[in-house]
Amino acid sequence: MARGTARDGAPQAPVDWVTRAADDAVRHAEQGGWTPESGRPITCASGASPSGPVHLGNLREFLTVHFVADELARRGLPVRHLHSWDDYDRFRKVPAGVDPSWADHIGRPLSGVPDPWECHDSWADHFKEPLVASLRALGVEMEEVSQTERYRAGAYREQILHAVAQRDRIETVMARYRTKAAPLSEAAESAEEAAALADSVANDGDDGNPSGLGATNDLARFPYKPYCRDCGRDTTIITSYDDDSADLAYTCTSCPFEGVTNLRTQDEGKLVWKVDWPMRWAVEGVDFEPGGVDHASPGSSYTVGKELVKLYDGRAPSFVGYSFVGAGGQVKMSSSRGGVPTAADALQILEAPVLRWLYVRRQPKQAFNVDFGPEVVRLYDEWDALGRKAADPAKRDAQVLAFERASATATAGRLPVPAVVVPFRLLSSVADVTAGSADLISRIVREVGHDHDSVEDLEPRLGRAMTWTGEYVPESERTTVRTEPDAARLARLGDDEELWLRHLLDRLPDRLDLDETTTLVYGVPKLGRGLGLDDAPTDQVKADQKAFFKLLYNLLVDADRGPRLPTLFLALGSDTVRRLLTPPT
RNA sequence: GGGCCCCUAGCUCAAUGGGCAGAGCAGGAGACUUUUAAUCUCUUGGUUGUGGGUUCGAGUCCCACGGGGCCUACCA
């Protein structure tokens with residue numbers, strides 16, 4: 001029953017992970033009393049911390065949710081893609097390449113740290129903005145929520161008070177999932193773990209200060225953390241909490257501040273992550289939310305959250321864990337981006353549907369690489385082949401379904417693809433020798449048999465092929481056209497060679513045509529043997545052709561081999577060819 | 001300690017709720033006036049890491065083992 005045809009003989013609709021995740025989301029919503037008529041949307045949620053460049057691994061969070069939400073929209077169901085920016089998280093560490101003085105901001109919310117590059121209002125915005133732009137190009141539409149705004153607006157005040165009131169139960173749950181600490185001797189083995197150990201020792205010291213051991217443990221595991229009113233950092237230690245007044249007293253370890261914040265009237269902190277996440281599931285009514293596999297491990301946030309959400313009378317959303325996305329090939333490093341490729345980087349070389357395809361065609365738990373190297377060519381070839389297959393309704397299977405999901409969305413329609421599809425390989429190799437002129441590439445591509453009206457017909461692929469060729473193809477793989485004639489080589493030409501070049505230059509027209517140039521290039525050695533341009537080659541001529549071609553490659557691109565000569569001639573133009581084949585005067 | 005992923009052609013990888021093991025590259029043959037790095041056609045190549053199990057049927061599900069990789073514990 002798994003496959004084939006339904007009872008009436010009609011082909012069964014293909015099913016993929018998106019279909020199943022969407023089914024799960026619907027089921028989850030229905031269990032919560034939702035009906036399509038309720039007018040309430042099914043909520044698919046994503047979340048991300050804008051602590052650094054949003055790289056291709058983080059992109060999976062957004063796209064996984066997007067595809068599921070899009071599937072629900074295709075079914076005509078009310079749905080929303082809710083995205084939470086965890087910009088109220090603390091700034092943890094100063095990445096390489098940033099002024100070390102930013103260490104002063106560690107502990108402050110990401111939305112409160114200035115942008116070292118000075119182009120945005122905050123650290124968080126600096127990384128949010130480019131990703132949002134990329135997502136727009138990818139056809140992802142979502143409702144964005146800033147956790148800074150929500151917390152500061154007191155949106156979660158009630159939930160915070162509830163968590164604090166229930167802190168013993170929270171601790172019980174957390175403790176259940178906490179496994180035994182690693183033996184001290186092993187923990188001290190690595191430097192990192194030694195540092196962690198030092199931290200825990202320091203914390204033990206802190207614990208000794210306030211009165212009462214039981215109360216201390218209680219406060220040490222407090223589910224709420226205030227940001228210091230004076231310096232804005234979360235380096236606060238709670239010294240007391242009064243359940244009746246909701247007064248929370250704390251001291252700051254990085255500034256002299258000591259004070260009291262009231263959880264009922266003031267909004268100066270946040271719930272700890274493992275409570276924060278399930279709290280939002282309940283508040284927003286989340287039906288589907290994926291997570292990195294790290295969140296799905298036992299004892300990790302999803303597992304714990306599944307229990308804690310009950311405190312809020314909520315249910316954990318349906319979940320899929322996704323694996324990591326790596327980068328392959330020669331990835332260009334960028335200091336301001338920390339060297340990890342982002343969606344924007346990928347979109348410079350991949351059409352938006354192709355990038356979407358990478359994420360939708362594999363099951364979430366499968367890890368994959370986005371390759372910026374030679375695999376790009378193959379990727380486009382496969383994509384084009386799949387596009388041809390998708391044009392035939394009889395061949396609609398799971399692969400074609402992935403193609404459809406990648407190509408268009410329910411709300412934004414079809415994403416931009418070239419009007420005239422030319423193999424990426426061809427665009428790239430022509431771009432390689434044309435010194436970046438789109439018009440010239442267009443002309444050559446037309447000559448070679450891919451007719452089109454204008455350069456625009458080749459976009460958005462052409463620009464990406466040019467970028468890829470220029471920035472991601474290693475120098476050793478590229479064709480380097482000589483800038484000056486090889487005077488030394490031209491000075492010691494053999495008799496045959498001199499004759500060939502003379503024949504060639506005598507007949508080389510100012511405006512090159514592909515067919516004529518082909519005939520000429522192959523014909524020159526024939527002339528040298530007393531044959532006509534159109535005569536069939538003899539074995540002797542074939543040997544001559546080989547030597548002649550090598551000579552031309554030597555003189556034009558300083559190599560023994562290269563792109564097909566007729567194409568190369570067209571790319572270089574008659575003048576350049578003439579100049580490189582003529583001894584300088 | 002716990003968990004996850006991977007092992008398929010020489011190489012890189014597909015096969016998406018069990019249903020005929022497939023591509024690309026490389027190799028071979030050929031076509032296009034062409035023994036060239038943009039074209040096209042055909043073709044070689046497999047005990048799916050090992051050993052068991054479930055099933056009419058297993059790359060796919062279960063158990064064990066070997067090898068490789070990743071995550072996780074205290075924090076968010």
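Throughout, protein chains are lettered first and strands after them, A, B, ... in sequence-line order, and every chain is numbered starting at 1.
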Please give the distance between the P atoms of B:A21 and B:A9 as a whole number of Å.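 Between the two P atoms, the distance is 16 Å.
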Ring pair (Phe, Tyr, Trp, His ring centres under 6.0 Å) pairs touching residues 517-537 of chain A, sequence neighbours excluded, are A:Tyr522-A:Phe549
Tabulate atom names and distances for all N/O pairs under 3.5 angstrom spanning the protein and nucleotides 11-15 of chain B.
| from | atom 1 | to | atom 2 | distance (Å) |
| --- | --- | --- | --- | --- |
| B:U12 | O2 | A:Arg378 | NH1 | 3.3 |
| B:A14 | OP1 | A:Arg362 | NH1 | 2.9 |
| B:A14 | OP1 | A:Gln366 | NE2 | 3.3 |
| B:A14 | O5' | A:Arg362 | NH1 | 3.3 |

Who passes side-chain hydrogen bond (donor to acceptor under 3.5 Å, both in side chains) against [X], sequence neighbours left out?
| X | answer |
| --- | --- |
| A:Arg92 | none |
| A:Arg280 | A:Asp86, A:Asp276 |
| A:Asp70 | A:Arg74 |
| A:Ser429 | none |

Those stems involving RNA chain B that have three or more consecutive Watson-Crick or G-U pairs, both distances under 3.5 Å, are B:1-7 with B:66-72, B:10-13 with B:22-25, B:27-31 with B:39-43, B:49-53 with B:61-65
B/S/- along nucleotides 30-35 of chain B (protein heavy atoms under 4.0 Å) is ---BBB
* By salt bridge (Lys or Arg N to Asp or Glu O under 4.0 Å), which residues pair with A:Arg90, not counting sequence neighbours? ->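 Partners of A:Arg90 by the salt bridge (Lys or Arg N to Asp or Glu O under 4.0 Å) criterion, ordered by chain and then number, come out as A:Asp234.
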With sequence neighbours excluded, give me every salt bridge (charged side-chain N to carboxylate O under 4.0 Å, His left out) pair touching residues 48-57 of chain A.
->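 Residue pairs with at least one partner in residues 48-57 of chain A: there are none.
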Strictly by salt bridge (charged side-chain N to carboxylate O under 4.0 Å, His left out), give each pair with a member in residues 16-28 of chain A just once, sequence neighbours left out.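 Only A:Asp16-A:Arg405, A:Asp23-A:Arg75, A:Asp24-A:Arg27 qualify under salt bridge (charged side-chain N to carboxylate O under 4.0 Å, His left out).
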Checklist line | Touch class at under 4.0 angstrom, heavy-atom based, for A:Ser429 against every strand present | finding: sugar-phosphate
N or O in side chain of A:Arg20 less than 4.0 angstrom from B:G17 OP1/OP2:
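Affirmative; the distance criterion is met.
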Let me have the donor-acceptor pairs involving side chains of residues 45-53 of chain A, under 3.5 Å, with sequence neighbours excluded, atom names and distances please.
| from | atom 1 | to | atom 2 | distance (Å) |
| --- | --- | --- | --- | --- |
| A:Ser46 | OG | A:His81 | NE2 | 2.9 |
| A:Ser46 | OG | A:His83 | ND1 | 2.7 |

